[in-house]
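Because the structure is a prediction, the values reported are computed rather than measured.
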Amino acid sequence: MRKPKDLIAIHVPTEDLGDYSVTEAGWYAVTDGGRVVLGPFDSLAQCEQAIRDRLQRTAEPKPDIPT
């Protein structure tokens, strides 16, 4: 499965719920393809933290560098 490289935080108001196939207004993390993957969150800061956490968990492991 393809891992999203870019996630952005967007605020979805009540009138736009159907545009994103969500049932609750709030902040969401959306892939570069427009798919909602995280949320809803009460604030932009919470959403951005969740994006950082997810990208850190899904990052490719870095090879050990010998010292």
Give the table of side-chain donor-acceptor pairs shorter than 3.5 Å for residues 14-23, with sequence neighbours excluded, one pair per line with atom names and distance.
none

Please list every donor-acceptor pair under 3.5 Å in which a side-chain atom of residues 42-51 meets a protein atom from a residue at least two apart or in another chain.
unit_1	atom_1	unit_2	atom_2	d
Ser43	OG	Gln46	N	3.1
Gln46	OE1	Asp42	N	3.0
Gln46	OE1	Ser43	N	3.4
Gln49	OE1	Arg52	NH2	2.9
Gln49	NE2	Asp53	OD1	2.8

*Contact summary for Gly26 and Pro40, nearest pair of heavy atoms*: CA-CB, 4.4 Å
Treating Ile, Leu, Val, Met, Phe, Trp and Tyr as nodes and any side-chain heavy-atom pair under 4.5 angstrom as an edge, say whether [X] and [Y] lie in one connected cluster.
X: Val37; Y: Trp27; answer: yes
X: Val12; Y: Val30; answer: yes
X: Ile10; Y: Val36; answer: yes

*Are any non-hydrogen side-chain atoms of Thr31 and Leu7 less than 4.5 angstrom apart?*
yes
